[in-house]
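Read through the structure below, which is laid out as structure tokens, and then see the notes.
Note that this is a predicted model, so its numbers are computed, not measured.
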Amino acid sequence: MASAVTSLTVFNVDRSTQPLRSRIIDFDRRLKRSIGGCLWLYKEVKMAGSYCRRWAAVAGGVSILALALAGCSGGGSSNDREGVKTITWLVGNTENSVASADKVAEEFMAANPGIKVEVETRPGGAEGDNIIKTRLSTGDMADVFNYNTGSLLQQIGPEQNLQPITGESYVSEVSDSFKPVVTSGSEMYGVPFGSGMAGGVLYNKKVYEKLGLSVPKTWAEFMDNSRKIKDAGIAPIIQSYQTTWTSQLFVLGDFANVMAAEPNFAADYTANKAKYATSTAAVKGFQHLEEAGKAGLFNEDFASTTFEQAQAKLINGEGAQYPILTFALSNIKLTFPDKLNELGLFPLPGDDASKNKLTVWMPDATYIPKSTKNLEEAKKLQEFIASKAGCDAQTSAVGAQGPYLVKSCELPADVPDAVKDMLPFFADESKNSPALEFLSPVKGPALEQITVEVGSGIRSAKDGAALYDEDVKKQAKQLNLPGWN
């Protein structure tokens with residue numbers, strides 16, 4: 001969360017999800033940029049297992065602060081020199097998000113010398129959501145910003161806060177399958193940033209080969225493989241509950257299996273006619289999480305392991321399987337580029353091998369707030385992102401983690417093996433299902449805490465599913481969905 005001090009703003013670093021290298025990059029950015037005006041800088045030092053914040057003396061004393069205050073300008077954008085306009089772009093602070101945005105901004109500025117783009121960062125998770133909502137509500141949002149698509153888009157009031165782009169020519173470049181997840185009412189608001197991804201199981205191919213294992217197509221086969229991996233002294237299933245959102249994959253990544261068993265679940269769920277706790281198919285994600293935890297198939301330090309540490313465990317063979325979103329591949333490319341092709345991917349398996357499907361996620365989108373004072377420049381950046389040049393810039397920065405949702409974009413021939421594993425599922429619509437958040441606006445904020453409790457043995461699968469059914473009620477009622485009030 002941000003706290004204001006007169007015209008200055010202090011932003012806390014999201015320590016739970018931001019690796020040291022990313023924190024250093026983020027700190028360097030803070031020395032150079034202002035967010036919504038001016039920024040009071042600090043650096044963060046880790047000492048004896050705790051973090052001590054020390055205010056950064058940028059040059060010395062009150063005189064520098066006075067100069068900073070004098071140099072502040074409202075609206076988040078300015079003219080650096082005659083004929084050049086500066087616009088701001090707010091993105092997530094993960095290493096791959098920053099790298100992608102920086103490269104896109106670099107290529108965009110080369111093609112548009114009259115526009116300068118300053119990339120700002122924000123934390124992920126609930127803190128980042130609150131920053132987005134606060135800055136939109138106060139009219140202090142950057143000129144363009146990246147945010148979720150699907151159900152979470154509806155939570156930031158697109159009709160009230162975002163600039164519609166339905167009539168813009170570059171919208172024709174956006175894949176038809178993406179348009180519904182950035183549409184509210186009759187208007188479209190965003191263009192895809194990043195590639196489509198999957199929620200599945202990344203696995204270490206060397207471990208599988210050494211133990212003579214085959215890719216499982218049923219839950220029973222997955223559990224059998226996991227027991228054999230455990231017997232070999234390797235953590236079968238990596239969990240990273242220090243980064244709480246990663247705990248949700250057993251539930252969210254299982255949704256393709258839910259739709260295979262109950263094709264009307266998403267519609268019935270939206271209408272308050274179906275529940276996780278009472279659906280035989282939907283509750284299985286919670287049950288599988290509980291079963292794997294009780295069987296001792298997680299890494300021993302699952303409660304303290306972070307997202308970044310989990311990736312290292314997988315690459316180094318300390319663990320064999322990691323249920324996760326495939327955007328992790330971009331992070332792995334940055335930190336372990338020479339080992340990226342040692343990983344493969346398979347869907348979270350269900351009960352029926354003949355209905356082995358992959359749950360797929362749409363990428364985030366880049367939006368323009370109504371508060372921008374640089375609408376034409378913001379649209380030019382949006383147009384560039386939704387072009388082959390924009391996709392190529394992202395690929396050169398972090399690689400490709402799945403297919404792009406821009407019609408003119410193509411994947412390079414040397415995509416990672418794990419990406420190649422998912423492409424057949426994307427190519428055949430009968431082999432995939434969008435995650436529930438792209439089919440229903442009903443989503444509760446507490447799922448990641450609930451799945452941590454279920455995976456840790458604190459709460460039963462049955463109770464966890466029932467608690468999540470209660471968790472979604474507030475949002476459904478706020479959205480005035482039929483059947484909920």
Side-chain angles (χ1 to χ4, degrees), residues 1-4 8-44 51 53 56 58 68 72 75-78 86-109 116-136 138 140-148 152 156 190 193-194 243 245 306-308 327-328 330-331 334-335 363-369 371-372 378 381-382 385 390 393-394 397-398:
M1 287 292 294
S3 59
L8 300 174
T9 306
V10 179
F11 280 85
N12 293 328
V13 175
D14 183 12
R15 296 188 297 270
S16 64
T17 59
Q18 195 177 15
L20 177 59
R21 178 183 172 190
S22 182
R23 292 204 302 273
I24 294 170
I25 293 171
D26 200 35
F27 174 66
D28 181 65
R29 293 175 185 284
R30 292 161 191 267
L31 288 171
K32 301 173 183 175
R33 300 176 184 164
S34 64
I35 297 180
C38 286
L39 189 65
W40 196 351
L41 301 171
Y42 66 83
K43 59 182 165 181
E44 186 173 85
Y51 288 86
R53 292 193 182 92
V58 179
C72 292
S77 58
S78 63
T86 297
I87 61 173
T88 51
W89 181 13
L90 181 64
V91 304
N93 65 0
T94 61
E95 195 167 10
N96 61 305
S97 293
V98 173
S100 293
D102 277 348
K103 186 62 177 176
V104 169
E106 176 187 332
E107 297 294 335
F108 172 78
M109 288 187 290
K116 178 182 177 182
V117 179
E118 290 188 348
V119 178
E120 303 173 353
T121 64
R122 64 168 176 85
E127 184 179 1
D129 286 345
N130 288 336
I131 288 173
I132 291 287
K133 293 172 183 176
T134 299
R135 294 187 68 176
L136 285 172
T138 60
D140 189 36
M141 178 51 76
D143 293 299
V144 291
F145 69 99
N146 288 6
Y147 192 62
N148 301 78
L152 290 178
I156 62 172
F193 184 82
T243 308
W245 69 261
T306 65
F307 175 52
E308 291 77 21
F327 79 76
S330 295
N331 290 351
L334 290 170
T335 51
D364 285 352
T366 303
Y367 304 100
I368 302 172
S371 60
T372 182
L381 177 57
Q382 221 180 26
I385 291 168
Q394 294 173 65
V398 298

Roughly how far, to the nearest 0.5 Å, is the OH atom of Tyr367 from the CG atom of Leu136?
11.0 Å
Testing the basics here: between Ala142 and Pro369, what is the closest heavy-atom pair and its distance to 0.1 Å?
O-CG, 3.0 Å
Roughly how far apart are Met141 CE and Glu120 CD, rounded to 0.5 Å?
9.0 Å
Do any N or O atoms from the side chain of Ser97 and from the backbone of Asn93 form a donor-acceptor pair under 3.5 angstrom?
no
Polar side-chain atom of Tyr147 near backbone of Asp129 as donor-acceptor pair, under 3.5 Å:
no
Working note: Thr94 + Phe307, criterion side-chain contact (heavy atoms from CB on, under 4.5 Å); need CA distance, chi angles, decisive distance, verdict.
CA-CA 11 Å; Thr94 61; Phe307 175 52; over 6 Å; no
Has the side chain of Glu118 got a donor or acceptor atom that lies under 3.5 Å from a matching backbone atom of Thr86?
no
Hey, does the side chain of Gln394 reach the backbone of Gly194 with a donor-acceptor pair shorter than 3.5 angstrom?
yes
Determine yes or no for a side-chain-to-main-chain donor-acceptor pair under 3.5 angstrom, with Thr335 supplying the side chain and Asn331 the backbone.
yes
Hey, would you say the Trp89 and Phe108 ring centroids sit under 6.0 Å apart?
no
So that I know where these two stand, are Phe327 and Trp245 an aromatic pair - ring centroids less than 6.0 Å apart?
yes
How many angstroms lie between atom CG of Asn146 and atom OG1 of Thr366, to the nearest 0.5 angstrom?
3.5 Å
Kindly indicate, with the supporting measurements, whether the criterion side-chain contact (heavy atoms from CB on, under 4.5 Å) is fulfilled by Arg135 and Leu90.
CA-CA 11 Å; Arg135 294 187 68 176; Leu90 181 64; 3.9 Å; yes
Would you check if Val91 and Phe145 make a side-chain contact, meaning some heavy-atom pair closer than 4.5 Å?
no
For Gly92, is there any backbone N or O sitting under 3.5 Å from a side-chain donor or acceptor partner on Arg122?
no
Report the distance from atom NZ of Lys133 to atom OG1 of Thr138, rounding to the nearest 0.5 Å.
14.0 Å
Report yes or no: does Thr88 contribute a side-chain atom to a donor-acceptor pair with the main-chain N or O of Asp143 at less than 3.5 Å?
yes
Quick one: closest heavy-atom pair of Gly390 and Val104, and the distance?
O-CG2, 4.0 Å
